[in-house]
Undergrad: 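First the structure, which I've put down as C-alpha cells, then a few questions once you've had a look.
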Number of protein chains: 2
Amino acid sequence: MHDTDFRVPSAIREMRMGYFKGGFVVCCNTYYNRIITLHLIYHAINPYRRYSELKSDEKAAVLERSFIFSGLDDEDLSALSGLCIDKSFIPGEFIFWDEDPPEWFYIIAEGQVKVVKHSSSGKEFIIAFFGIGEVFGEVAVFENNPYPASAQAVGEVRVIGIRRQDFSTFLASRPQVALRIINVLGGRLRNAQDRLRDFAGERVEQRLAGVLLMLSNKLGSTLPFTRQEIADMVGTTTETVIRLMSIFRERGVIRSTRGKIIIQDRKKLKLLREGPPEILH
Amino acid sequence: MHDTDFRVPSAIREMRMGYFKGGFVVCCNTYYNRIITLHLIYHAINPYRRYSELKSDEKAAVLERSFIFSGLDDEDLSALSGLCIDKSFIPGEFIFWDEDPPEWFYIIAEGQVKVVKHSSSGKEFIIAFFGIGEVFGEVAVFENNPYPASAQAVGEVRVIGIRRQDFSTFLASRPQVALRIINVLGGRLRNAQDRLRDFAGERVEQRLAGVLLMLSNKLGSTLPFTRQEIADMVGTTTETVIRLMSIFRERGVIRSTRGKIIIQDRKKLKLLREGPPEILH
DNA sequence: CCCGCTTTATGATTTAAATCATGGTGGGTG
DNA sequence: CACCCACCATGATTTAAATCATAAAGCGGG
C-alpha cells in the first residue's frame with residue numbers, strides 16, 4: 001500500500017471545525033445562522049502519474065473494447081484515439097470530485113472505479129462500480145454541469161480521458177455513438193430507479209440481497225468487498241451487514257473470508273430479495 | 001368511474017390465483033416452492049377514448065413546446081407529427097404498466113402523469129411526476145426493454161405517442177435530437193442518484209423536505225398533493241408524513257388545506273433538508 | 001515474532017419510524 | 001339533507017435497525 005491511504009467516513013465522524021487528518025481537510029460552514037458540516041476532502045496527487053504511456057493504437061484497442069465505441073470504423077477510432085490521453089491512479093485516489101467542473105469524460109482501460117456520494121452527515125454511499133470498458137463521468141459532461149458525485153480508484157486504475165469539448169464535437173456527427181450513449185444512460189437510469197424503489201419499500205435484508213445479486217451479475221460469484229463497502233452500497237451500517245451476512249452464511253447462501261464474499265446459492269438470494277420470509281408461517 | 005373490462009398487466013399473466021380487495025387484486029404465485037404475494041392493480045379502460053382528435057399542426061405545436069424537439073425545423077416537425085397519434089386518459093387510468101413491452105414513446109400534451117413502481121409488498125412508490133411538454137417511457141423505448149415502471153394519469157391527460165420503431169429511425173438521422181435526449185436522461189439520472197443518496201443516508205424528515213423542495217422547483221409554491229401521495233414519493237407512511245407536516249406547519253414552513261400544500265418558507269425547508277438539528281446543541 | 005490495525009463478530013441498549021387504533025372533517029352525491 | 005368516503009389528525013404500541021460496547025481473528029510491517 002502507498003503512503004496515501006484514504007478512509008473517509010472515520011475521519012469525518014467527529015468533525016466540527018476544519019482540520020487536517022490523514023491527507024484530508026475537513027471543514028465546517030455557517031449557513032443561515034446555523035452550522036452545517038460540509039466535508040471537502042482533498043487528496044494527494046499521485047506523484048508518479050505519467051501521461052501518454054499508451055500508444056495511439058493501444059488506445060484505439062481500449063476504445064474498441066467498450067460498448068459505446070465498439071461500432072466505430074477504423075477511421076473514426078483513430079480520430080478519436082488521437083483526442084484521448086491516458087492517466088493512471090493509485091488505489092484510493094480520486095479521479096474527480098463531486099462538484100468539480102466536468103472537463104473529462106473517462107473510459108476505464110484497467111482496474112475498477114467506484115462512484116460515491118457523501119451524505120450531509122458524512123456517510124459514504126456507493127452509487128456504482130464500473131469495470132474495464134465502461135464509461136463514467138458522462139452525465140456531467142453531456143449536461144455541462146459539475147460532476148454529481150466523486151469517482152475513486154479501487155486498486156490500480158488506468159483510464160482514457162477525452163475532453164468535454166472534443167467529445168461533444170465528435171459526437172455531433174456520429175449519431176450511432178449518441179444512440180449507444182442513450183442506451184447506456186437508459187440502463188443506468190433504470191438501475192437507479194430500481195434501487196430507489198428498493199430503498200423506499202424494502203427492508204435491509206432484501207436490499208442487501210439485491211446488491212449482492214447486482215454485484216455478482218457484474219463480477220461473478222466471488223466479490224472482493226469488505227462488509228464496510230457492502231454497507232456503503234446498501235445504505236446501512238457495517239454491523240447490520242455483518243449480522244445479516246452471518247445469517248446468510250448459516251443458511252448456506254454465501255461463504256466468506258476476510259475482504260471476500262463467495263456467493264453459493266443464487267436461488268436463495270433471489271428469494272431473499274423478493275419476499276419477506278414471514279409469508280412462510 | 002366507468003366500469004368496463006380489464007386490461008391485464010403482463011406481470012399478472014402467470015399468476016395462479018388471486019382475489020379482489022378494495023380495488024386491488026391480490027395474487028399469489030408459486031416460485032421456488034414458496035408463496036409470494038404480489039399486489040397488482042387492475043384498472044378500467046376508458047371507453048370514451050378517441051384517437052386522432054388533434055390536427056397535424058396542433059401536434060406539431062405540442063412537439064415544438066417540448067424541450068427535446070424544440071430545436072427542429074418545420075420540415076422535421078411536420079414529418080414527426082405525421083408519425084404521432086394522440087390518446088386521452090381519465091384520472092387514475094394507467095397509460096402503460098410495469099413490464100409491458102415498450103411500444104410507445106409519449107409526450108404530454110395536457111395534464112400530468114406520475115410514474116410509479118410497486119414494491120414486492122404492494123406499496124406504491126412514485127418515481128417521478130411529469131407535466132406538459134415532458135416525455136416519459138423513453139428508457140424502455142431506447143433500450144427496447146419492457147417498461148421499468150407504470151405510468152398513471154393524474155387528472156385528465158392527453159398525450160402524443162410515437163411508435164418505437166418510427167422514433168428510432170427518425171432519431172438515427174437527427175443527432176441534435178439525440179443530444180437533447182442525452183441531456184434529459186442525464187438530468188434524470190442525476191436526480192435519481194441524488195434521491196438514492198438521500199434515501200440511503202438521510203432521515204425521513206430530511207427526505208420529506210427534499211421532496212417538497214423538488215416539487216416546488218417544478219410546480220411553484222402550491223403543491224396539489226395529498227399526504228398519501230407525498231408519502232409515496234418520500235417512501236414512508238401516510239401517518240408519518242401527516243405528523244411531520246403538522247410540525248412543519250407549526251414552525252411556519254408550510255400551510256395546507258385538503259389535498260393542497262402551500263410552501264411558505266423555502267429557506268427553512270432547505271435547512272430541514274440539509275442538516276440534523278442536533279448539531280446545534 | 002510481536003505489535004498495531006483492519007476486519008469480522010456478537011451482545012445490550014436506544015431510537016426512528018411503522019403499525020395499530022380511533023376519531024374528526026370536509027366535500028361530493030344519491 | 002344525510003350519508004359515505006377520502007383525507008387529516010393524534011395517541012399507544014411495536015419493531016427494525018442504528019448505536020454503543022467489547023473482543024476475537026487475520027494480516028502486514030518493523
Side-chain angles (χ1 to χ4, degrees), chain A residues 1-3 5-11 13-14 21-22 91-92 119 121-125 198-209 223-232 234-250 254-262 272 276-278, chain B residues 1 22-24 91-92 119 121-125 154-155 198-209 223-232 234-250 254-262 272 276-278:
Chain A
M1 200 67 172
H2 297 69
D3 51 339
D5 181 294
F6 316 111
R7 284 301 319 182
V8 186
S10 51
R13 219 160 267 154
E14 68 270 59
K21 179 168 182 181
S119 74
S121 57
K123 233 173 82 170
E124 176 173 319
F125 176 66
D198 289 347
F199 273 94
E202 318 286 2
R203 297 216 315 281
V204 170
E205 186 179 342
Q206 289 162 257
R207 274 154 47 195
L208 173 59
L223 308 176
F225 299 107
T226 65
R227 308 285 197 263
Q228 159 90 49
E229 286 171 318
I230 298 288
D232 288 340
V234 177
T236 182
T237 58
T238 313
E239 294 96 321
T240 299
V241 170
I242 289 175
R243 267 182 250 274
L244 289 173
M245 295 280 244
S246 300
I247 296 171
F248 285 8
R249 177 156 34 73
E250 282 161 25
I254 59 163
R255 276 185 301 131
S256 69
T257 59
R258 191 188 172 86
K260 213 192 301 186
I261 299 155
I262 297 133
L272 285 166
E278 294 89 337
Chain B
M1 198 75 169
F24 294 83
S119 74
S121 58
K123 234 173 80 171
E124 176 174 317
F125 176 66
V154 181
D198 288 348
F199 273 93
E202 317 285 3
R203 297 215 317 281
V204 170
E205 187 179 341
Q206 290 162 256
R207 275 154 47 194
L208 173 59
L223 307 176
F225 299 108
T226 65
R227 307 284 197 264
Q228 160 88 54
E229 287 171 317
I230 299 289
D232 288 340
V234 177
T236 181
T237 59
T238 314
E239 294 97 320
T240 299
V241 169
I242 289 175
R243 268 182 250 273
L244 288 173
M245 295 279 244
S246 301
I247 296 171
F248 284 8
R249 178 156 34 74
E250 282 161 25
I254 59 162
R255 277 185 301 132
S256 70
T257 61
R258 193 185 171 83
K260 213 191 307 185
I261 299 154
I262 297 133
L272 285 165
E278 296 89 336

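Chain identifiers are assigned alphabetically (A, B, ...) following the order of the sequence lines, protein sequences preceding nucleic acid strands; residue numbering begins at 1 within each chain.
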Undergrad: Which angle, rounded to 10°, do you find between the first-five-pair axis and the last-five-pair axis of the helix from dC1(C)-dG30(D) to dG30(C)-dC1(D)?
TA: 30°
Undergrad: Distances for protein N/O vs nucleotides 2-6 of chain D N/O pairs under 3.5 angstrom?
TA:
{"from": "dA6(D)", "atom 1": "N3", "to": "R258(B)", "atom 2": "NH2", "distance (Å)": "3.1"}

Undergrad: Mind checking side chain to side chain contact (heavy atoms under 4.5 Å, CB included) for R243(A) and listing every partner two or more places apart, or none if nothing turns up?
TA: E239(A)
Undergrad: The criterion is side chain to side chain contact (heavy atoms under 4.5 Å, CB included); which residues satisfy it with S246(A), sequence neighbours excluded?
TA: I242(A), R249(A)
Undergrad: If I take atom CG in residue L208(A) and atom C1' in nucleotide dA16(D), what distance separates them, rounded to the nearest angstrom?
TA: 15 Å
Undergrad: Holding to side-chain hydrogen bond (donor to acceptor under 3.5 Å, both in side chains), I want the full list of residues that pass it with D198(B), two or more places apart in sequence or in another chain.
TA: none
Undergrad: Please list, in numerical order, the residues of residues 239-250 of chain B that have a heavy atom closer than 4.0 Å to any atom of DNA chain C.
TA: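 Residues of residues 239-250 of chain B that come under 4.0 Å of DNA chain C are, in numerical order, E239(B), T240(B), R243(B).
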Undergrad: Residues in side-chain hydrogen bond (donor to acceptor under 3.5 Å, both in side chains) with R207(B), at least two apart?
TA: none
Undergrad: Looking at residues at least two apart in the chain, or sitting in another chain, which of them share a side-chain hydrogen bond (donor to acceptor under 3.5 Å, both in side chains) with S256(A)?
TA: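 So S256(A) forms a side-chain hydrogen bond (donor to acceptor under 3.5 Å, both in side chains) with R227(A).
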Undergrad: For R258(B), check side chain to side chain contact (heavy atoms under 4.5 Å, CB included) against everything at least two apart and list the hits.
TA: none
Undergrad: Side-chain N or O of T236(A) less than 4.0 angstrom from OP1 or OP2 on dA17(D)?
TA: no
Undergrad: Tell me, please, which residues at least two apart from T237(B) pass side-chain hydrogen bond (donor to acceptor under 3.5 Å, both in side chains).
TA: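 Applying side-chain hydrogen bond (donor to acceptor under 3.5 Å, both in side chains) to T237(B) gives T240(B).
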Undergrad: So, using side chain to side chain contact (heavy atoms under 4.5 Å, CB included) as the criterion, who are the partners of L223(A) when residues are at least two apart?
TA: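 Side chain to side chain contact (heavy atoms under 4.5 Å, CB included) check on L223(A) returns L212(A), L215(A), S216(A), L219(A), F225(A), I261(A), I263(A).
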